[in-house]
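Along the sequence shown, residues carry numbers from 1.
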Amino acid sequence: VGAILVRYGYHYTGALIYAWGMQQAGWLGHDYSHHQVFRSPKVNDMVARLAAWGQGYETQWWKARHNTHHVTTNEIHNDPDIVTAPVLNYVKQQPQLAPLLNAVQRCQHLYFLPLLAMLHIYWRV
């Protein structure tokens, strides 16, 4: 729907709907990859691969990364989902980074969403 709206001149509305659809596809892929939807793991994996294909990643890459995240949730330097400091900081109470993070965190609310939209590039490099 978003791509069609962009094609017919509704650029901002189309882009917004397209971005929302990609975000929703990501969460659907997440739930299917965790085998939470169907009783059959094979069916869940098949739908997860379809969602991953639509977003441009391989499910095995995602599972390896996401399983690492579950094993080391919010552990500094180990959880791949939070290794974005000092630009984006998700974990409080990091005394070794406090002098730098305090200055950066004061402005994080201004750039958080635009950078969050580009995290998929960072996570794939």
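For N44, there are no side-chain hydrogen bond (donor to acceptor under 3.5 Å, both in side chains) partners two or more places apart in sequence or in a different chain. Evaluation of the side-chain contact (heavy atoms from CB on, under 4.5 Å) rule for Q24 yields W20 as partners, not counting sequence neighbours. Residues satisfying the side-chain contact (heavy atoms from CB on, under 4.5 Å) criterion with N67, sequence neighbours excluded, are K63. Considering only residues two or more places apart in sequence or on other chains, R65 meets the salt bridge (charged side-chain N to carboxylate O under 4.0 Å, His left out) condition with D81. Contacts of A51 classified as side-chain contact (heavy atoms from CB on, under 4.5 Å), with partners at least two apart in sequence or in another chain: none.
Annotation for V71: hydrophobic cluster partners, listed by chain and number, are none (ILVMFWY side-chain heavy atoms under 4.5 Å, direct or chained). Its side chain outside the 4.5 Å cluster rule for every partner, M46 clusters with none of the Ile, Leu, Val, Met, Phe, Trp and Tyr residues.
Rounding to the nearest 0.5 Å gives a distance of 13.0 Å between NE2 of H69 and CG of N78. A distance of 12.0 Å separates OH in Y111 from CG in L113, rounded to the nearest 0.5 Å. The line from OG1 of T72 to CG of D79 is 4.5 Å long, rounded to the nearest 0.5 Å. One finds the OH atom of Y32 at 9.5 Å from the CG atom of L50 (value rounded to the nearest 0.5 Å).
Neither L110 nor F112 shares a network with the other; the hydrophobic side chains, linked directly or stepwise wherever heavy atoms of I, L, V, M, F, W or Y lie under 4.5 Å apart, form separate groups for each.
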Just list the side-chain donor-acceptor pairs under 3.5 Å for residues 33-42, sequence neighbours left out, or say none.
unit_1	atom_1	unit_2	atom_2	d
S33	OG	G29	O	2.9
H34	NE2	H30	NE2	3.3
H34	NE2	H66	NE2	3.1
H34	NE2	H70	NE2	3.4
H35	NE2	D45	OD1	2.8
S40	OG	K42	N	3.3
S40	OG	V43	N	3.3

Could you pull out all donor-acceptor pairs under 3.5 Å where a side-chain atom in residues 4-18 meets a protein atom, sequence neighbours excluded?
unit_1	atom_1	unit_2	atom_2	d
H11	ND1	G9	O	3.4

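For the pair T59 and A48, the tightest heavy-atom approach, listed with the atom from each and the gap, is CG2-O, 3.6 Å.
Side chain of Q55 to backbone of M22: a donor-acceptor contact under 3.5 angstrom is found.
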